[in-house]
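This report refers to the structure that appears directly beneath it.
Just so it is clear, the structure is predicted and the values come from calculations on it, not from any experiment. All heavy atoms count here, side chains included; hydrogens, waters and symmetry mates do not.
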Amino acid sequence: MVSELQRLVDAFGARLGRSIAVDDARLKLLAYNAHTGDVDDARIESVMHRGVSTALVAHVSEQGAAQASDVFTLPPCPRIGITMERVGIPIRYDDALLGYVWLIGSDGPVGDRDVELLREAAAQAALVLHRGHLGVDVTRSHARELVRDLIAPDQALRTEAGVALVEEEHAVAGPVAVLVAMVGGEEGEPLAEERRLALELAVDRCRRRLPPSRGLALTRPDHALLLTIWPGARSQVIERNAAELAEVLREKLDAELGLGRAACWVGVGGTRPRLTEALSSYEEARRAAEVARITGTLGHVVAHKQLGVYALLGKLTPDQLAEGIHPGLRPLLANPAHRGLVETLRVYLDHAGDAQRAATALHVHRSTLYKRLHRVEQLTGLRLDVGDDRLAAHLGLKTAELHPRLPASTHAPDVVF
């Protein structure tokens, strides 16, 4: 497609005797010929980076370019690097906007003949882009189906998908690590269309940072995954590269959503030696992102290996987790009036039972801490000087962080008031 566009641009540039450029609908530069006159900073940026600033995109949108049906003029806007007028025409196929053809004002006035040639160029570019989009859409659709099969429960299906991805050159063979991105919402709840599109765009942009056939993306109802492949790389290198890519993905999500860091999370799964073992890395990455979203204490980019006890608890269902919580702890967790006691217990246990450090973290006197802990013992029946009870309490608190709506027990132990 790109080579066809380049031939088209060269041909019409020669007929017009001036520079001509073709962008896609997002103003990414697809093809251009040699410049015959002066250029401005915006054109230089477009050529150097094959893209433009968000401010320039906004300027083009404000001028109604996407709604235009024929030749239009884009006025200068020096603050974003456009110091020369542009004459453009949308590239459409069946009214769908596929891109733009541009002439730059420094080459001289645009006459009637130029306008007719510009229309002809847009019509031919529409056919080229439409054919290209059809081919890309079919290829990507098939690749997405194979990625879905690659993370399916059925082992035979995963094996077939892995072989097909390599044979059809969608992917190369090698060790894999999966990234999973989540944005807002509840687990399992489908995202609104706007957020789903933003998620898909951010993951795709991150995929494009990888060499061809080294990244595969798939968007699910409530999350998206990026499967990365690292031929010949050692596990430590893969972990470092995957972590860096996860940070980039989180930044892309921030930019696309405009909601701030608190609304998105990225989990990183462990490395697996073969493409057909991607399911394990995917499950780890998804669990890491979900735990980070629920707890709010692990950060916004979390590797599965950083989860600690959450890695084990995250494998259990809510019913299984509820059964594992000490019966005396359940009513304490369920009663909003006891939030202060729960926080005191959490801080005390997180500081390994060090009363002085816990009291400092809570900004209370140590005697106040002891009174609160004694009250916890009265209400729960736990003895915090007993190792097994302290472990049960700590695990119960971690469990409650993962599933804050766990049912409380109706049978509290006898307590001393």
Side-chain angles (χ1 to χ4, degrees), residues 239 243 247 250 260-262 265-268 284 287-316 318 320-409 411-417:
E239 288 179 6
E247 289 288 353
R250 197 268 306 161
R261 303 181 69 176
W265 301 266
V266 180
V268 184
E284 290 178 353
R287 189 173 302 122
E290 184 62 27
V291 169
R293 184 188 70 80
I294 293 174
T295 63
T297 59
L298 300 177
H300 296 275
V301 176
V302 181
H304 183 264
K305 68 177 185 179
Q306 297 173 306
L307 292 182
V309 70
Y310 291 119
L312 175 62
L313 296 177
K315 295 181 179 181
L316 304 178
Q320 290 171 328
L321 286 167
E323 291 173 4
I325 293 182
H326 188 281
L329 194 60
R330 295 179 199 173
L332 190 73
L333 293 170
N335 191 339
H338 294 324
R339 286 176 182 170
L341 293 178
V342 171
E343 178 63 8
T344 297
L345 178 61
R346 183 192 66 78
V347 172
Y348 175 70
L349 295 174
D350 283 350
H351 284 83
D354 188 318
Q356 185 58 58
R357 290 171 58 208
T360 300
L362 290 165
H363 305 290
V364 298
H365 194 274
R366 191 160 50 178
S367 62
T368 301
L369 173 71
Y370 286 135
K371 289 179 182 178
R372 291 181 183 178
L373 294 177
H374 179 61
R375 181 61 175 157
V376 168
E377 290 181 324
Q378 288 180 313
L379 291 172
T380 63
L382 291 164
R383 290 185 55 188
L384 297 179
D385 59 346
V386 175
D388 284 349
D389 280 10
R390 282 165 68 161
L391 177 60
H394 212 177
L395 283 174
L397 293 179
K398 298 299 183 185
T399 298
E401 284 187 70
L402 286 183
H403 293 279
R405 293 185 296 277
L406 286 172
S409 171
H411 303 290
D414 293 336
V415 295
V416 179
F417 293 96

Legend entry - Contacts of Ala355 that satisfy side-chain contact (heavy atoms from CB on, under 4.5 Å) - sequence neighbours left out: Arg366, Leu369, Tyr370
Inset, instruction - Output, in order, the C-alpha distance, side-chain angles, deciding distance and verdict of side-chain contact (heavy atoms from CB on, under 4.5 Å) for Leu379 and Leu341. - result: CA-CA 10 Å; Leu379 291 172; Leu341 293 178; 3.7 Å; yes
Extract all donor-acceptor atom pairs below 3.5 Å that involve side chains of residues 332-339 and protein atoms in other chains or at least two apart in sequence.
from, atom 1, to, atom 2, distance (Å)
Asn335, OD1, Ala337, N, 2.9

Inset, instruction - Mind listing the closest non-hydrogen atom pair of His351 and Ala361 along with its distance? - result: CE1-CB, 3.8 Å
Inset, instruction - Only counting residues at least two apart or in another chain, list the ones meeting side chain to side chain donor-acceptor pair (under 3.5 Å) with Glu343. - result: Arg346
Legend entry - Residues forming a side-chain contact (heavy atoms from CB on, under 4.5 Å) with Lys371, sequence neighbours excluded: none
Inset, instruction - Grab the two heavy atoms, one from Ala289 and one from Gly267, that are nearest each other, plus how far apart they are. - result: CB-N, 3.6 Å
Legend entry - Evaluation steps, salt bridge (Lys or Arg N to Asp or Glu O under 4.0 Å), between Glu284 and Arg287: CA-CA 5 Å; Glu284 290 178 353; Arg287 189 173 302 122; 5.9 Å; no
Inset, instruction - Say whether, by atom type as modelled, one donor and one acceptor occur between the side chain of Glu377 and the main chain of Leu384 under 3.5 angstrom. - result: yes
Legend entry - Nearest heavy atoms of Ala303 and Ala288, plus distance in Å: C-CB, 4.2 Å
Legend entry - Distance, nearest 0.5 Å, that separates CG of Leu373 from CG of Leu382: 11.5 Å
Legend entry - Side chains of Val302 and Val291 in contact at under 4.5 Å (non-hydrogen atoms): no
Inset, instruction - Could you name each residue pair satisfying salt bridge (Lys or Arg N to Asp or Glu O under 4.0 Å) that touches residues 294-308, not counting sequence neighbours? - result: Glu239-Lys305
Inset, instruction - Go through the structure and list residues passing side-chain contact (heavy atoms from CB on, under 4.5 Å) with Thr368, not counting sequence neighbours. - result: Val364, His365, Arg372
